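Here is the naming used below: chain letters follow the sequence lines, and residue numbers restart at 1 for every chain. Since the structure is predicted, the reported quantities are computational estimates derived from the model, not experimental observations.
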There are 2 protein chains.
Amino acid sequence: MDSFNGQKLNNKDRRASAVTKDRLLRAAADLVAELGWGRVTTRAIAERADLPHGTVSYHFNSKQELLIEAVLRAVEDVLPLATLRQLNSLTELMALIEVTLTSRNEFDTVETLVLMESMREAEREPLLRKRMADLLRDYRQVLEELIRNDQGRSNLKPGLAPSALAMLLAALGDGLLLHLIVNPELDVGKAVEALSSLLGVKPREALSEPDHSEKG
Amino acid sequence: MDSFNGQKLNNKDRRASAVTKDRLLRAAADLVAELGWGRVTTRAIAERADLPHGTVSYHFNSKQELLIEAVLRAVEDVLPLATLRQLNSLTELMALIEVTLTSRNEFDTVETLVLMESMREAEREPLLRKRMADLLRDYRQVLEELIRNDQGRSNLKPGLAPSALAMLLAALGDGLLLHLIVNPELDVGKAVEALSSLLGVKPREALSEPDHSEKG
DNA sequence: AGTACAATTGTCCAAATGGACAGTTTTAAT
DNA sequence: ATTAAAACTGTCCATTTGGACAATTGTACT
């Protein structure tokens, strides 16, 4: 069991154990998506992480703390704030949304389920609620700034409040994800295209020729 | 305990017990919203319904069957298909959506939470998934027909596919509900107004003067 | 009153649960 | 090599769980 997983415990990593904690957190997030928050047990987490049951008690004060830390890490991954900040136009944004929603692999699905479980649990757990609310606020904020920067350049209605459109986009995306959970066969792309059309934006073109546009 | 709740056991109701079953179903739906699907126990259901624990085993084959039946009943209530069918214009629809999302009482909130739990559980439970998918399909269908009937009358883009707009509206509504769960302070009304503006529709007017329009 | 059956109730049980903790091994520093 | 702290592990326990079921009560009909 020595260097079994190839992840050598280097002495930079504070005290080791970070690896163990990490494995527990990943396993926990997986199981929240798979079983639902309320059905995750400490034993299942340990087993999934291929670790003994006692490990959980040692590294975390309670199951709930472990789960909260686990889902927050996963949710921060699924909200692509960094990527969004690099976008320059509403056209690019709509293209990204469409791609994100239509080409989903298994990994994306798990993270989406974690997101839904987290939003649901946030209603009961004040700490989680605050963290989630902050994340979603940041998310809308990034969208809002993107829209504001783009306004004037595109033929967007001047009267349209960027913050309102940002909320609309964020909610629409999550709502489509929600419907996709129930019915993966749904052609959600057409809903995104409809909104693009209403906004007077052509996301297709942004995909085929993403490069030769100047910014600023 | 005879005619305690005013609901006299009339001999038309198959065998009575319908009242007991009903109380269990209501309690179950309540607890799904309150605790989350995975944390609901048969004992908690019985206690909430003010009935002994054995009642659950007698009236339902398993906890899961009880929960599924309970949430389906609640979800059918929260999707206002009948109301939607009576609407005549997209303007009225946008007004209804705005009112529904902005003025929410405690009862609405519970039903919304049940809806979210159900959509999440549907991913694991094939029977529930099918029933939920059908309900959501009907929901979009009603919206689609409303949009189709309205097209031409309003200044809606002709190229806009009614089915795409229906999906957009349904997903946006549910997405806003989802965000509202995490942060009830959100001013989701402005997102609805933004969409109304994009659609070229003035929901405010439909509210202030709802009567003197002819239909058909 | 008597009969048949639906409805209800309390009790029981094996299995699973979260967490505690004493004991052991590993690591880093001297 | 010795030591102290950190990391890890298996075991234990009081509770809770879903469901089963025998016993009891209620109801409708003759």
Note: [X]-[Y] ion pair, threshold 4.0 Å (strictly below):
X        : Y        : value
B/Arg73  : B/Asp22  : yes
B/Glu145 : B/Arg140 : no
B/Arg131 : B/Glu76  : yes
B/Arg129 : B/Glu125 : no

If I take atom [atom1] in residue [X] and atom [atom2] in nucleotide [N], what distance separates them, rounded to the nearest angstrom?
X       : N      : atom1 : atom2 : answer
B/Asn61 : D/dG18 : CG    : P     : 16 Å
B/Asp22 : C/dT8  : CG    : P     : 12 Å
B/Arg23 : C/dA7  : CZ    : C1'   : 13 Å
B/His53 : C/dC12 : NE2   : P     : 15 Å
A/Glu65 : C/dG19 : CD    : C1'   : 13 Å
B/Arg39 : D/dT16 : CZ    : P     : 16 Å
A/Lys21 : D/dC8  : NZ    : P     : 11 Å
B/Glu47 : D/dG18 : CD    : P     : 13 Å

Inset, instruction - Determine, stepwise, if the pair B/Ile97 / B/Leu195 fulfils side-chain contact (heavy atoms from CB on, under 4.5 Å). - result: CA-CA 11 Å; B/Ile97 292 178; B/Leu195 183 58; over 6 Å; no
Closest to side chain of [X], choosing from [options]:
X       : options                : value
A/Lys63 : C/dG18, D/dG19, C/dC21 : C/dG18
A/Ser62 : C/dT9, D/dG19, C/dG19  : C/dG19
B/Leu51 : C/dT17, C/dT9, C/dC21  : C/dT9
A/Tyr58 : C/dA20, C/dA7, D/dT9   : D/dT9
B/Thr41 : C/dG18, D/dG18, C/dC21 : D/dG18
A/Thr20 : D/dG19, C/dG19, D/dC8  : D/dC8

Inset, instruction - Please work out if A/Thr55 contacts a base, only the sugar-phosphate, or nothing of the nucleic acid, heavy-atom cut-off 4.0 Å. - result: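 Base, at least one base heavy atom under 4.0 Å.
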Inset, instruction - Determine the contact category for B/His59: base if any of its heavy atoms lies under 4.0 Å from a base atom, sugar-phosphate if only primed atoms, P, OP1 or OP2 are that close, otherwise nothing. - result: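 Touches sugar-phosphate only.
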Legend entry - OP1 or OP2 of D/dA20 under 4.0 Å from side-chain N/O of B/Ser57: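 No, B/Ser57 has no side-chain N/O under 4.0 Å of OP1/OP2 on D/dA20.
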